[in-house]
Amino acid sequence: MTRRITPDMTLLDVVHRYRATEPVFRARDEQAGECLLCKALFETVTDVAARYGLDLEVLLADLEAAAESE
């Protein structure tokens with residue numbers, strides 16, 4: 001399976017290419033303690049997961065599922 005979303009993509013790249021991924025990030029704002037798309041838009045998915053204690057594999061799977069729905 002070819003991934004649409006890779007860990008080295010920035011949040012901006014992800015949301016720009018796949019608008020359906022925005023709710024995936026918004027759903028993690030509370031866990032992160034701030035708006036991810038406001039504060040980490042130019043960071044990679046990997047860096048955001050590490051910085052905010054998010055499970056990278058789960059995040060990528062949820063983003064991929066959202067992107068597939070488009």
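Fair warning: this is a prediction, and the values are worked out from it, not measured in the lab.
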Requested in this report: Look at atom CZ of R51 and say whether more than 12 heavy atoms of other residues, nucleotides or ligands are closer to it than 6.0 Å.
Outcome: yes
Requested in this report: Check the hydrophobic clustering (I, L, V, M, F, W, Y; side-chain heavy atoms under 4.5 Å; chains of links allowed) and say if F25 and V58 are grouped together.
Outcome: no
Query raised in the report: Going by heavy atoms in the side chains, are T10 and E43 under 4.5 Å from each other?
Result: no
Query raised in the report: Nearest heavy-atom pair of G53 and Q31: which atoms, and what distance?
Result: O-NE2, 3.3 Å
Report summary line: A20 and P23 have their tightest heavy-atom pair at O-CD, 3.3 Å
Report summary line: To the nearest 0.5 Å, atom CG of L11 lies from atom NZ of K39 at 14.5 Å
Query raised in the report: So how far is it from D62 CG to E57 CD, rounded to the nearest 0.5 Å?
Result: 11.0 Å
Query raised in the report: Got a sec: does the CD of E70 have more than 12 other heavy atoms crowding it under 6.0 Å?
Result: yes
Report summary line: With L60 as partner, the option from I5, T46, V24, T6 fulfilling side chain to side chain contact (heavy atoms under 4.5 Å, CB included) is I5
Query - Pairwise distance CE(M9) to CG(L63) - rounded to 0.5 angstrom - result: 9.0 Å
Query raised in the report: Does some side-chain heavy atom of Y18 sit less than 4.5 Å from a side-chain heavy atom of E64?
Result: no
Query - Euclidean distance, D29 CG relative to L36 CG, rounded to 0.5 Å - result: 5.0 Å
Report task. Please report the C-alpha distance between V45 and V48 in whole Å, then the side-chain angles of each, then the deciding distance to 0.1 Å, and finally whether the side-chain contact (heavy atoms from CB on, under 4.5 Å) criterion is met. Result -> CA-CA 5 Å; V45 176; V48 167; 5.8 Å; no
